[in-house]
Trainee: 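One structure coming up, written as structure tokens, with questions to follow.
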Number of protein chains: 2
Amino acid sequence: MATEAPATGGTRRDRTRRVTLADVARAAGVSASTASLAVNGAGPVAPATRERVLSAARSLGYSGPNPLARSLRRGRCGVVAVVLGERLAYAFSDPMMVGMLDGLADEVGTAGSSLLLVPLSGPTGAAERLAALPMDAAVVDDCDAATVDLIPALHARGVVVVGVDGPQGSGIPVVDLDDEAATTALFAHLADLGHTRFGVITLPLALDTVGGPLVPADPATRERLAKGAGVQRRRTLAAEEAAARHGVSVRFVEAARNLVDEGERAAATLLDGPLPESPLPGCPRPAGDARPTAIIAQSDVLALGCLRAAGTRGLRVPEDLSVAGFDGVDLHLFDGTTLTTIEQPASEKGRTAARLVAAALSGQQPDDVRLTTRLRVGTTTGPAPGR
Amino acid sequence: MATEAPATGGTRRDRTRRVTLADVARAAGVSASTASLAVNGAGPVAPATRERVLSAARSLGYSGPNPLARSLRRGRCGVVAVVLGERLAYAFSDPMMVGMLDGLADEVGTAGSSLLLVPLSGPTGAAERLAALPMDAAVVDDCDAATVDLIPALHARGVVVVGVDGPQGSGIPVVDLDDEAATTALFAHLADLGHTRFGVITLPLALDTVGGPLVPADPATRERLAKGAGVQRRRTLAAEEAAARHGVSVRFVEAARNLVDEGERAAATLLDGPLPESPLPGCPRPAGDARPTAIIAQSDVLALGCLRAAGTRGLRVPEDLSVAGFDGVDLHLFDGTTLTTIEQPASEKGRTAARLVAAALSGQQPDDVRLTTRLRVGTTTGPAPGR
DNA sequence: CGATTCGATCGAATCGTTTCGACCGCAGTC
DNA sequence: GACTGCGGTCGAAACGATTCGATCGAATCG
């Protein structure tokens with residue numbers, strides 16, 4: 001076998017050199033270019049030659065073209081990054097995110113690419129990690145102001161960037177929902193049922209928030225809303241507007257995380273009245289008029305926590321308290337309860353993002369896509385008490 | 001600005017050429033090697049030179065070294081693939097998997113790498129996708145016989161492969177659990193409570209299974225067990241053995257998927273007796289002696305379905321039926337119920353896998369790691385009825 | 001003052017593939 | 001018989017970086 005590489009004494013990182021396409025070509029007695037064509041099945045190659053190359057590859061144990069070299073040459077590597085604000089366990093605890101990722105992975109996979117997960121909460125700087133990773137495109141999910149700043153650097157590298165749920169107007173195509181219309185529909189539904197005191201549990205405005213009461217009119221809060229992700233902002237501002245239009249009162253509480261427990265905690269703040277955060281133990285608050293009769297949570301996960309808080313306090317749903325969510329997830333409620341919620345096409349959101357990526361990669365400049373949601377009335381909303 | 005590239009008329013995939021390190025070097029009046037050293041901050045470079053290079057890079061809009069080129073040269077690309085048997089939505093619906101991925105991502109991220117998700121259920125061949133993707137290492141999760149066949153090809157490329165929950169003895173380091181001991185502990189716990197008729201709901205033995213009654217002694221079933229993932233095999237065989245040792249009867253039903261609904265369906269098969277799958281409506285079956293008084297599910301998700309099935313049938317847990325799970329996940333049971341289960345360190349499993357990857361990448365040959373589990377007794381198991 | 005070392009820089013090889021353009025017979029066509 | 005077209009093959013130029021070894025002053029040491 002004349003497959004010995006010349007003993008150049010060059011760089012050798014590993015003990016054993018991998019067998020390369022050049023080795024195969026040499027063994028088959030053809031040029032590297034022909035070997036490449038044969039292995040890739042592209043281009044005109046005589047059947048006999050092809051067979052010779054293939055058998056040489058087999059007998060040498062050639063493991064196919066080196067992905068890095070091929071990608072470098074081709075300018076495409078078949079990787080689509082997903083930029084997540086949180087660590088994986090939190091991202092995956094959100095059924096909407098999971099649905100989105102599933103749709104994204106499916107559609108991206110059909111196009112022959114795979115998903116690279118890039119959580120921005122790692123120990124090292126997020127920007128460096130993102131810049132050093134091979135990728136054709138990046139999908140940023142619901143990103144805040146800090147993440148938006150990473151987009152130009154990606155564009156400079158020629159990476160296609162697509163947004164999910166935001167950021168609108170940042171020069172990247174975005175797929176999002178009609179959050180305003182959905183929020184409006186929820187208020188209309190509950191106002192029609194006679195509710196006049198509303199509570200809203202918002203999604204966390206930032207990654208490191210501790211949650212708590214929120215006054216959208218407050219300048220500091222407006223600032224935080226502006227810097228946060230788009231979903232929270234749109235749903236919260238739409239809620240304020242809808243409440244004003246219906247002439248009903250509304251109080252906002254921010255959840256520290258999109259988790260059931262945090263939904264419960266936020267609901268407690270609403271249900272136990274506008275008093276100091278830590279009530280004295282054994283001292284139930286006569287919430288009276290201040291207690292909302294309808295609570296809208298900005299996610300089903302939070303709504304679930306809200307249901308739990310109601311149960312703990314002996315409040316019947318929907319007789320004493322109406323609860324609505326947002327997402328339309330099947331959350332395995334055991335007792336036949338079905339949550340009133342906004343159904344959003346989570347998986348379709350991912351699919352659409354993948355299509356935007358594909359379009360942008362093929363040189364087009366796709367437009368934003370807005371998906372529509374639907375109000376699904378369940379058993380957790382009913383007429384306001386005393387009506 | 002003398003930054004014009006010579007008009008070679010060469011290949012031009014895009015309308016605009018990216019600015020490369022060579023451009024920066026030219027603009028700064030240094031060689032490419034010096035520019036590389038300056039940009040990377042490694043090697044001895046005079047402060048003045050470094051500054052000149054950096055400012056040239058800035059003014060040219062250099063977006064950092066091309067990851068592909070750098071990776072090709074270095075032989076490392078900072079990507080660890082996770083090979084999943086299922087599509088993402090199913091994988092993510094398993095809290096253990098999520099926990100494992102979280103730990104894996106965290107530890108891998110600390111080492112400066114990111115996670116590439118590779119579901120094997122895509123439309124195109126799995127092998128091709130895997131072979132064409134850039135990666136330093138691959139973590140295969142709980143893989144079946146078909147997936148094991150992919151390992152040699154990865155090794156040939158110099159990719160480090162590490163297994164989670166299997167496959168033992170395939171020449172790759174594996175991190176797994178003491179599944180046998182855990183199963184034994186569950187049987188001991190329930191046998192001590194006086195149970196003599198057991199049911200076991202197994203995880204799906206294959207990706208495309210439809211589930212249903214299972215007879216481990218049956219040769220065909222043994223064959224399916226052998227070809228499937230390790231966890232299912234070990235837990236099932238250990239259950240058979242434990243039942244024999246305690247002198248209790250046991251019936252096995254395979255769930256079609258690791259989903260709550262499938263757990264409920266499998267439980268129905270156990271609780272409604274060994275009769276045709278679709279009982280006549282309104283015709284409750286006098287299961288009598290055949291009905292198990294204790295059901296062990298091979299995951300908490302399945303156990304949840306089992307609880308639901310019990311509730312539907314008016315069976316009280318644990319008075320009429322004891323239910324145990326496997327995983328130790330917090331599954332948000334509303335009514336204060338806590339599941340008797342095996343606590344496994346899911347996140348630690350991922351972390352350990354990451355450590356094995358790191359060790360193997362640095363040239364070592366790490367040993368297998370077996371993590372230990374713990375029986376957690378909750379409120380879903382109690383004395384056998386009539387005792 | 002000569003020899004040695006060290007810091008800064010550069011040239012050139014290398015990583016492994018793809019692909020453009022050229023070349024060369026051979027068959028078909030007028 | 002000259003010309004065109006095409007199937008098959010090859011050489012060489014990218015792709016964009018890293019890194020080894022060499023070079024060359026300047027500074028240090030004896």
Side-chain angles (χ1 to χ4, degrees), chain A residues 5-14 17-26 28-53 57 60 62-78 131-132 134 157-158, chain B residues 5-14 17-26 28-53 57 60 62-78 131-132 134 157-158:
Chain A
T8 54
T11 313
R12 190 100 345 140
R13 266 183 310 283
D14 311 300
R17 209 171 68 89
R18 313 257 169 267
V19 28
T20 98
L21 189 56
D23 299 331
V24 173
R26 209 171 311 129
V30 299
S31 74
S33 15
T34 303
S36 172
L37 295 179
V39 165
N40 284 294
V45 178
T49 311
R50 180 193 314 279
E51 197 40 56
R52 200 145 34 90
V53 171
L60 258 57
Y62 178 62
S63 50
N66 177 321
L68 290 165
R70 157 183 290 204
S71 304
L72 174 60
R73 182 65 238 248
R74 289 211 173 146
R76 287 283 167 81
C77 63
R157 274 178 51 196
Chain B
T8 54
T11 313
R12 191 98 348 140
R13 265 183 311 283
D14 311 299
R17 208 171 69 90
R18 313 256 170 267
V19 29
T20 111
L21 189 56
D23 299 332
V24 174
R26 209 172 309 129
V30 299
S31 74
S33 16
T34 303
S36 173
L37 295 180
V39 166
N40 283 294
V45 178
T49 311
R50 179 193 314 281
E51 197 39 57
R52 201 145 33 90
V53 171
L60 258 58
Y62 178 61
S63 49
N66 178 320
L68 291 165
R70 155 184 292 203
S71 303
L72 174 61
R73 182 65 237 254
R74 290 210 172 147
R76 288 282 166 81
C77 63
R157 273 177 52 195

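Numbers restart at 1 for each chain; the letters A, B, ... are given by sequence-line order, proteins then strands.
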Trainee: Can you measure B:Tyr62 atom OH to D:dA17 atom C1' for me and round it to whole angstrom units?
Mentor: 7 Å

Trainee: Taking only heavy atoms on the protein side, list every residue of residues 44-53 of chain A lying under 4.0 Å from any atom of DNA chain C, sorted numerically.
Mentor: none

Trainee: Name the closest nucleotide to the A:Leu21 side chain, picking from C:dT17, D:dT18, D:dC10.
Mentor: C:dT17

Trainee: In this structure, how many angstroms lie between the P atom of D:dG16 and the CZ atom of A:Arg157, rounded?
Mentor: 12 Å

Trainee: Figure out the CG/C1' separation between A:Leu68 and C:dT17, and round it to whole Å.
Mentor: 11 Å

Trainee: Which pair of non-hydrogen atoms, one from B:Leu68 and one from A:Ser71, has the smallest distance, and what is that distance?
Mentor: CD2-CB, 3.7 Å

Trainee: Is the base of D:dT18 touched by the side chain of B:Arg70 through a donor-acceptor pair closer than 3.5 angstrom?
Mentor: no

Trainee: Side chain of A:Arg74 only, please: which of C:dT17, C:dT18, D:dC10 is the nearest?
Mentor: C:dT18

Trainee: When you look at B:Asp23 and B:Thr20, which way does the side-chain contact (heavy atoms from CB on, under 4.5 Å) test go after all the steps?
Mentor: CA-CA 5 Å; B:Asp23 299 332; B:Thr20 111; 3.4 Å; yes

Trainee: Determine the minimum heavy-atom distance between B:Tyr62 and B:Val19, stating which atoms define it.
Mentor: CD1-O, 3.4 Å

Trainee: I need the minimum non-hydrogen distance between B:Pro134 and A:Pro134, along with the two atoms involved.
Mentor: CG-CG, 4.4 Å

Trainee: Quick one: closest heavy-atom pair of B:Arg157 and B:Ala131, and the distance?
Mentor: NH1-O, 3.0 Å

Trainee: Roughly what angle, to 10°, lies between the helix axis at the start of the helix from C:dC1-D:dG30 to C:dC30-D:dG1 and the one at its end, five pairs per end?
Mentor: 40°

Trainee: Taking all non-hydrogen atoms of both residues, which atom of B:Ala25 and which atom of B:Ala35 are closest, and how far apart?
Mentor: CB-CB, 3.7 Å

Trainee: Quick one: B:Arg26 CZ to D:dA17 P, roughly how many Å, whole number?
Mentor: 12 Å

Trainee: Starting at CG of A:Asn66 and ending at P of C:dT14, how long is that distance when rounded to a whole Å?
Mentor: 17 Å

Trainee: Of all the heavy-atom pairs spanning B:Leu21 and B:Val39, show the shortest one and how long it is.
Mentor: CD1-CG2, 3.9 Å

Trainee: Taking only the side-chain heavy atoms of B:Leu37 (C-beta and beyond), determine which of D:dT18, D:dT19, C:dG16 contains the nearest atom.
Mentor: D:dT19

Trainee: So if I take every side-chain heavy atom of A:Ser31 and compare against D:dT18, D:dG11, D:dG16, which nucleotide ends up nearest?
Mentor: D:dG11

Trainee: When rounded to the nearest 0.5 angstrom, what is the spacing between CG in A:Leu60 and CZ in A:Arg26?
Mentor: 9.5 Å

Trainee: Would you mind writing out the side-chain donor-acceptor pairs for residues 40-53 of chain B within the sub-3.5 Å range, not counting sequence neighbours?
Mentor:
from    : atom 1 : to      : atom 2 : distance (Å)
B:Asn40 : OD1    : B:Arg70 : NH2    : 2.7
B:Asn40 : ND2    : B:Ser36 : O      : 2.9
B:Asn40 : ND2    : B:Ser36 : OG     : 3.4
B:Glu51 : OE2    : B:Arg58 : NH2    : 3.4
B:Arg52 : NH1    : B:Ala28 : O      : 2.6

Trainee: Determine whether any donor atom in the side chain of B:Ser33 lies under 3.5 Å from an acceptor atom in the base of C:dG11, or the reverse, and answer yes or no.
Mentor: yes

Trainee: Between C:dT19, C:dC10, D:dG16, spot the one nearest the side chain of A:Ser36, thanks.
Mentor: C:dT19

Trainee: Closest-nucleotide mapping onto DNA chain D: is A:Gly29 or B:Asn40 further toward the 5' terminus? I mean the 5' end.
Mentor: A:Gly29

Trainee: Distance check needed: C:dG16 C1' versus A:Arg18 CZ, whole Å only.
Mentor: 13 Å

Trainee: Tell me: CZ of A:Arg73 to P of C:dT17, nearest whole Å?
Mentor: 13 Å

